[in-house]
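These notes are about the structure you will find just below.
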Amino acid sequence: MTNLKASPASRRIVLAAALALILLYFVPLWKISLQAPQYPEGIGLLIRIDTIEGVGRHDLQNINGLNHYIGMKAIVPDAIPELSYMPWILAVLIGWGLLAAASGKRWLLYAWFAALVVSAVAGLVDFYLWGYDYGHNLDAEMAIIKIPGMTYQPPLIGTKNLLNFTATSLPAVGGWIGILVGLVVGWRTWKEARGARHARATEG
Amino acid sequence: MTNSRFRLVMLVAAAVFAGAFTYACQSSSGPAAGAGDAASDVYVAPGDYDEFYAFMSGGFSGNVTVHGLPSGRLIKTIAVFSQYPENSWGYSEETKNMLNTSFGMIPWDDAHHPQLSQTDGIPDGRWLFINGNNTPRVARIDLSKFETEEILEIPNSAGNHASPFITPNSEYVIASTRFSVPIPQADVPISTFKENFSGTLSFIRADRPGEMDIAFQIHVPGFDYDIAHSGRQVSDGWAFFTTYNTEQEHTLLEVNASQADKDFVAAVNWRRAETCVAEEAGRLVPGQYVHNVMGEDRIGRSELRNSVRMIEPADCSDMIYFLPTPKSPHGVDVDPTGEYIVAGGKLATTIPVHSFSKMIDAIANERFETVINGIPVLEYEAVLAGEVQEPGLGPLHTEFDANGNAYTSMFISSEIVKWKLGTWEVLDRQEAYYSTGHLMIPGGDSSEPFGKYVVALNKITKDRYLPTGPELAHSAQLIDISGDNMRLLLDFPTMGEPHYAQGLPAELVTANQVQMFDLTENSNPHATLQESDARIERAGNTVHVYMTTIRSHFAPDNIEGVMVGDTVLFHVTNLEQDWDVPHGFAVIGARNSELLVMPGETRTLRWVPQRVGVFPFYCTDFCSALHQEMQGYVRVSPRGSNPTISFGTGD
């Protein structure tokens with residue numbers, strides 16, 4: 001009969017990966033850094049699992065203050081519903097990983113990997129859409145600086161010039177942990193799938 | 001490339017390198033001033049910081065100026081004793097009390113001697129103290145904000161010149177009467193100087209921010225007490241004051257006070273004085289003085305005090321001695337070990353140096369020449385460590401490096417003279433341009449001089465800069481003292497009249513810098529913490545405008561309901577919480593100044609409109625791209641018209 005259990009090594013790695021995701025409650029996931037001649041010290045935003053905050057204590061307030069010149073609406077973390085769901089989604093993902101490790105069932109591992117990928121893609125798409133919304137839906141009446149055709153969507157990942165600011169968007173510690181977890185779980189999923197195929201082949 | 005050709009190239013390169021190296025050595029070892037490498041020694045590249053802060057007294061400007069060294073760049077004026085309309089110091093409702101005295105509000109003083117706070121005899125970068133010479137006062141400047149936080153008036157004093165020389169753990173800053181006066185003041189003939197005039201030496205508690213007070217005063221004979229320095233290391237617990245006019249003359253002092261062969265250095269054992277105070281040796285004497293403190297809410301408040309503890313030397317033995325010192329000594333400087341007390345006998349042909357240990361022995365052996373008003377006068381030979389022979393003309397002040405060398409300013413021969421402690425041998429001379437008064441080595445009056453440079457603070461400028469009419473900036477020279485010979489590097493102008501100065505490594509100050517005030521901790525009772533709370537309230541003839549500023553508008557910016565003759569108080573709160581975004585506020589006809597409001601701060605301008613009309617106000621500090629749009633109007637209606645109050649922004 002085909003062995004439906006993952007190897008002990010995979011189970012230990014999955015356990016470690018699931019536990020590593022707990023760190024995402026405590027460290028920022030993503031960082032948008034802004035550089036301008038007037039801000040040699042830099043100013044920026046950190047996206048956490050449940051909120052958005054400034055890199056410096058007053059950065060969010062100051063970025064909102066600067067954004068009023070281009071008619072961008074203020075970034076108010078409480079007005080972004082995803083920030084209240086995301087901690088729960090993360091909890092489900094962690095529980096799922098722990099369950100996969102505890103039970104050792106291969107299908108749970110495969111499904112977990114799929115859930116991780118879907119969550120990450122959904123998160124990035126959501127981030128993009130919010131960026132699009134902030135960058136494009138400008139208050140034409142209150143905007144002080146209006147440049148025809150100019151939009152202010154920050155990059156999803158990478159660097160972009162927005163007037164006097166250079167915006168750089170990159171994963172923060174939490175983002176890198178998430179990417180690492182994804183790669184490790186993907187690697188074990190691939191190994192397990194190959195092992196299972198090999199077992200079937202030898203049985204057959 | 002073949003091997004032999006490669007070798008040839010290397011040989012040539014080595015020769016060029018060696019030549020350049022030899023040239024560099026020659027040019028830096030030469031005594032010649034100024035040229036070539038001096039430029040790179042003082043060059044601070046764009047965006048780089050200077051290595052040292054230098055705090056120059058502003059003299060008759062009443063302020064302190066802050067320069068960077070080695071560049072000499074002026075980076076700040078700190079308002080202290082003088083009103084400063086640029087940032088509303090002494091004009092705004094929050095700061096005007098800081099200039100209160102027992103004579104009322106005084107908008108000016110003459111600031112001579114900055115002193116950095118010290119811990120274990122080493123400048124620590126917390127505070128800078130400075131004296132007000134004319135209406136006797138001492139101020140404390142907080143170096144996290146570069147702002148005056150406390151000013152204490154000194155009663156029973158006149159001409160607070162020997163001040164505020166600090167003790168090694170900032171226990172006290174000291175003060176004295178340069179001009180003896182009747183104490184207590186009295187209507188007496190000036191010609192009765194010898195009978196009726198006397199002096200005081202004051203010890204001011206300095207290590208408790210907000211609680212400066214006169215710990216005690218010592219009543220001393222009617223001489224002129226000129227300059228001072230506190231003892232350190234072996235002489236910690238003592239303070240030394242120079243005197244002149246021990247002749248006790250009251251007119252034409254330039255002749256009459258230059259007669260005696262020797263005047264005195266007064267040596268005060270302040271720890272002994274503390275014991276006497278604890279034993280209630282002194283008596284409380286009347287003396288009105290005002291203490292002004294900038295509170296946590298950033299509002300200056302004044303308190304009048306009415307008496308002070310005064311000790312008579314006769315009632316506290318072993319507290320004070322006179323050390324005979326040639327010819328009207330000016331500066332008195334204590335070397336880093338505390339053993340040597342150098343007096344600048346400004347009319348003397350030598351620099352006399354007293355020994356602290358010999359002084360202690362002379363006291364133990366009672367080698368007294370005489371006793372004046374209960375103060376023993378020690379024998380000159382019994383306290384003298386040595387004399388620097390033929391140092392130059394007009395020695396005034398001495399600073400020290402960490403290698404046992406002393407540097408004395410020569411006013412008349414216009415030079416700085418380097419000499420060796422212990423051997424009293426002159427090592428080097430550097431001309432100064434012109435007539436150096438004080439001189440300053442960073443940490444040069446502490447237990448651990450930081451060295452590297454001496455700054456000559458010159459009294460005469462003449463041709464050193466492009467001419468600017470009859471009134472010229474003062475001239476300073478930066479001199480490298482890191483080698484055996486002094487090397488003139490740079491001329492730079494200084495503002496007001498710097499007397500003494502202080503310097504220290506920049507990192508001791510930069511580590512504690514405040515960039516802005518926390519809006520959530522703004523406890524000014526008239527603060528407006530959010531734009532939606534901006535409003536106007538009338539209370540009788542007073543109109544309070546609770547105004548906010550944020551890039552780039554005022555709230556409110558349209559104000560109606562004010563009448564001619566009202567007292568309008570603009571309480572302006574800067575809502576910004578961003579580094580280097582102050583906003584200004586100015587309104588036509590304000591007979592005081594503008595406001596300059598730091599982020600998170602509230603400042604209040606009093607305005608009494610005199611004419612009917614509509615008057616603009618605007619932001620004076622170029623805050624943003626839309627700074628020019630940061631403006632508003634206040635409508636002034638006739639007296640008695642009782643106009644309706646209305647206000648708003650963008651309505």
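The chains referred to below are lettered A, B, ... by the order of the sequence lines, with proteins before strands, and numbering in each begins at 1.
Considering only heavy-atom pairs separated by less than 4.5 Å from chain A, the leading option among B/V581, B/L626, B/D580 is B/L626. Contact count against chain A (heavy-atom pairs under 4.5 Å) is highest for B/R551 among B/E629, B/E576, B/R551, B/M516.
Residue A/L66 touches chain B through its side chain alone, counting heavy-atom pairs closer than 4.5 Å. If you measure heavy-atom distances from A/Q38 to chain B, you find no contacts under 4.5 Å at all.
Side-chain contact between B/E51 and B/K452: present, with at least one pair of heavy atoms (C-beta onward) separated by less than 4.5 Å.
Under a 3.5 Å cut-off, the side chain of B/H67 and the backbone N or O of B/G72 do form a donor-acceptor pair.
In this structure, A/Y134 has its ring center at least 6.0 angstrom away from the ring center of A/Y152.
Between B/F570 and B/F585, the ring planes are tilted. Angles from 30° to 60° get that label.
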